[in-house]
Structures are given as structure tokens and as C-alpha cells.
Amino acid sequence: MPFTPAPTELESAIRSLKKELDAVILAHYYQESEIQDVADFIGDSLALAQEAARTQAKVIVFCGVHFMAETAKILNPTRQVLLPDLAAGCSLADRTPPAAFAAFKAKHPGAFVITYVNSSAEVKAMSDVICTSSNAVKMVEKAPKDRPIIFAPDQHLGRWVQKQTGRELILWPGSCIVHEIFSEKLLVQLKVQHPDAEVVAHPECLERVLQHADYIGSTKGILEHVLKSPKREFIVVTEAGILHQMRTRAPDKTFIPAPPDNGCSCNECPYMKMNTMEKLWRCMAERSPELVMPESLRLAAYRPLKRMLDWS
Ligand code: 13P
Ligand code: SF4
């Protein structure tokens with residue numbers, strides 16, 4: 001096992017491994033700030049999937065959660081995909097077991113299946129098209145008008161999309177353990193304390209929280225919105241990792257994280273935060289853990305993902 005660099009040397013060690021491996025580091029906005037700073041590309045789940053599909057680097061190092069690395073492999077199978085922690089899951093993907101989803105689908109014969117990218121490859125393979133929070137409205141608008149639509153696994157995103165499109169959706173009862181615990185009461189109190197602040201929220205939040213938002217969108221959508229908004233103060237109702245990019249790109253604006261209902265002052269995804277600089281360095285130094293999957297599963301999951309990219 002290679003000798004672990006001191007914490008202050010991890011960044012330069014990662015940068016030299018990047019050259020040695022001909023690797024690209026992709027990171028989600030919810031990663032810790034040091035990982036975002038060393039990444040070549042930071043994005044939301046749609047932008048990361050698009051970048052993973054187009055990269056020419058030999059190795060993709062994916063700093064996000066398992067389903068995101070899996071998506072990169074499905075889209076770009078000739079590249080080696082490494083991830084700092086194979087166990088970094090997601091409550092949406094983990095609580096949608098393929099067998100239960102197949103049974104749910106069987107109860108709605110003829111339904112067109114739109115599946116959120118926060119799902120396993122097996123569940124993607126049972127879907128007609130994949131969506132992310134950036135393009136879910138568009139995917140529903142493009143779905144056949146004469147068929148019922150199953151929308152899985154996030155029921156809150158589904159409800160929000162239902163409102164935007166006016167299409168009735170058959171919802172799988174999944175939720176994100178991070179976004180479902182924002183406190184409506186504390187959000188209202190924050191709004192009273194900061195009457196000029198704009199409230200920006202992710203559509204995975206509960207409807208009663210979303211009703212207080214001035215802007216609702218994916219992490220990338222939220223970031224772009226606060227950068228171009230004339231407002232100076234924002235209450236941010238999504239995972240706290242996004243604050244790093246907001247504060248870096250708009251140092252003259254104030255960003256206040258909305259609190260969850262568990263006594264903490266901000267809300268972090270425990271899965272996303274399983275990745276650390278040391279694990280990132282180690283996965284590159286050891287070229288492990290690597291994301292691998294059977295080719296038959298990859299091909300079956302590729303079809304609805306490719307459709308999403310074509311429709312986006
Ligand atoms: P984005 O599509 O906004 O990146 O969301 C991913 C996610 O996991 C939100 O919790
Ligand atoms: Fe999954 Fe929620 Fe974490 Fe996003 S924030 S990875 S949806 S558990």
C-alpha cells in the first residue's frame with residue numbers, strides 16, 4: 001500500500017496522480033470544498049453525466065455517490081471509473097429495490113416509465129427514459145400523451161413536476177433523507193429575520209417547504225439563479241455543499257443555509273460526505289475501488305439514459 005501523504009500534501013499528490021493516470025476528476029456540488037477545488041469539473045447530476053459521456057480521459061474519478069459513478073460507466077464504458085468510496089449510496093436509489101420496482105411496474109401495464117437518475121442501473125434498465133432534476137419537466141412533457149406515466153423514485157420531485165406540467169403521474173413513494181427534513185417552521189422564522197432574502201430550493205424538498213420558495217431548481221439551476229439575481233441575500237434550501245461555489249463565485253452576496261428539523265444548523269448528505277481527500281487520493285493511487293458492471297446490464301440501462309441525453 002502506498003505511503004499516505006500528509007493532509008497538506010494531499011492536493012498536490014492528487015494533482016500529480018491525475019497526470020500520471022490521464023484522469024479527469026468529476027465532482028458533484030455536494031462534495032466537501034477541498035474536493036470541489038481539486039476537481040476538473042463540478043456539476044449537478046445532468047452536467048456530470050454529460051461530461052462523463054464526452055470525456056476523452058482514460059480514467060474517470062467520480063466524486064459523488066454510487067449511482068452517479070454508475071451513470072458515468074454506463075455512458076462511457078471504455079474508461080476506467082474510480083470512486084473514493086464504493087459504499088456512498090443514496091436513500092432514493094437504495095430504497096428502490098429492483099424486484100419491488102418490477103412488481104410496481106407490473107401493476108400499471110402500458111405505463112411509460114420515467115426514472116430519476118438517483119436509481120440503480122437495474123431500475124434504470126426497466127425504464128423508458130431517465131431524468132434529472134434539471135430536465136424532469138422536459139422529460140414528462142416529451143412523454144407519449146396517450147399513456148399513463150410512472151415517475152420514480154422521488155415522490156416530492158414527482159409532485160412538483162406534476163404541478164409544472166399538469167400531467168398526472170403514478171408516483172413511487174421514495175424520498176431523499178436530506179431534502180425531506182428541512183423544517184418549514186425554521187424556514188419561516190428565517191424569512192421573518194431576513195425579509196429581503198430570496199428563498200431558493202431543490203425540488204426534492206417537501207411541498208410545504210417548496211411553497212415558501214421564490215426559485216426551485218436543480219443544484220446547477222439554483223447556483224446560476226443566485227449568481228444572476230439582483231438580490232444580495234439568499235436562504236438556500238438544499239445540501240450545504242453548494243454554498244462553497246456560491247460564496248466563491250459571489251463573495252459580495254450572503255448565503256444562509258436553511259436548517260433541518262434535527263437540531264443541526266445546516267443540512268449535509270451523509271453519503272456525499274463519505275468521500276474525503278484521503279479516500280480520493282487512495283482510490284487514484286490504488287486504482288480501486290473501480291465501478292464495474294455486466295455488459296448486458298450496462299446496455300439495458302444505456303438505452304433510457306441515451307434517450308434522456310438526446311431529449312435534453
Ligand atoms: P442534482 O440533479 O440537482 O444534482 O441533484 C442530485 C441530488 O442528489 C440531489 O439530492
Ligand atoms: Fe441521495 Fe439525497 Fe444524498 Fe442526493 S442528497 S445523494 S438524493 S440522499
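First listed ligand is number 1; within each ligand, the first listed atom is number 1.
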Could you check whether Asp40 pairs with Lys18 (Lys NZ or Arg NE/NH1/NH2 to Asp/Glu carboxylate O, under 4.0 Å)? yes
Restricting to N/O/S atoms, is Cys269 within less than 2.8 Å of atom 2 (Fe) of ligand 2 or not? no
Going only through I, L, V, M, F, W and Y residues with side-chain contacts under 4.5 Å, is there a path from Met274 to Val61? no
Trace of the side chain to side chain contact (heavy atoms under 4.5 Å, CB included) decision for Tyr116 with Glu204: CA-CA 11 Å; Tyr116 193 28; Glu204 287 174 11; 2.5 Å; yes
Nearest neighbour in protein (non-hydrogen) for atom 2 (Fe) of ligand 2: Cys176 SG, 2.3 Å
Looking at Leu92, which atoms of ligand 2 are within less than 4.0 Å of one of its heavy atoms? 7 (S)
Over 60° means perpendicular and under 30° means parallel, so tell me whether Phe101 and Trp172 are parallel, tilted or perpendicular. perpendicular
Answer whether the closest heavy-atom distance between the side chains of Val129 and Lys142 falls below 4.5 Å. no
Which protein residues have a heavy atom under 4.0 Å from ligand 1? His28, Tyr30, Asp44, Ser45, Tyr116, Asn118, Ser133, His179, His202, Glu204, Ser218, Thr219
What's the shortest distance from atom 7 (S) of ligand 2 to any protein heavy atom, and which residue and atom give it? Asn118 ND2, 3.1 Å
Tyr215 with Val236, same ILVMFWY side-chain cluster at under 4.5 Å: yes
Quick check on side-chain hydrogen bond (donor to acceptor under 3.5 Å, both in side chains): which of Thr276, Asn275, Asp37 does Gln31 satisfy it with? Asn275
When every non-hydrogen atom of Ala301 is compared with those of Ala121, the smallest separation belongs to CB-O, 3.7 Å
May I ask you to list the atoms of ligand 2 that are less than 4.0 angstrom from any heavy atom of Ser91? 8 (S)
Could you tell me, atom by atom, which parts of ligand 2 come under 4.0 Å of a heavy atom of Tyr271? 8 (S)
From Cys63 SG over to Ile35 CD1, what is the distance, rounded to the nearest 0.5 angstrom? 5.0 Å
Tell me, please, if Cys90 has any N/O/S atom, main chain or side chain, under 2.8 Å from atom 1 (Fe) of ligand 2? yes
Does even one non-hydrogen atom of Glu204 get within less than 4.0 Å of ligand 2? yes
Is Glu141 paired with Lys138 through a side-chain N to carboxylate O contact shorter than 4.0 Å? no
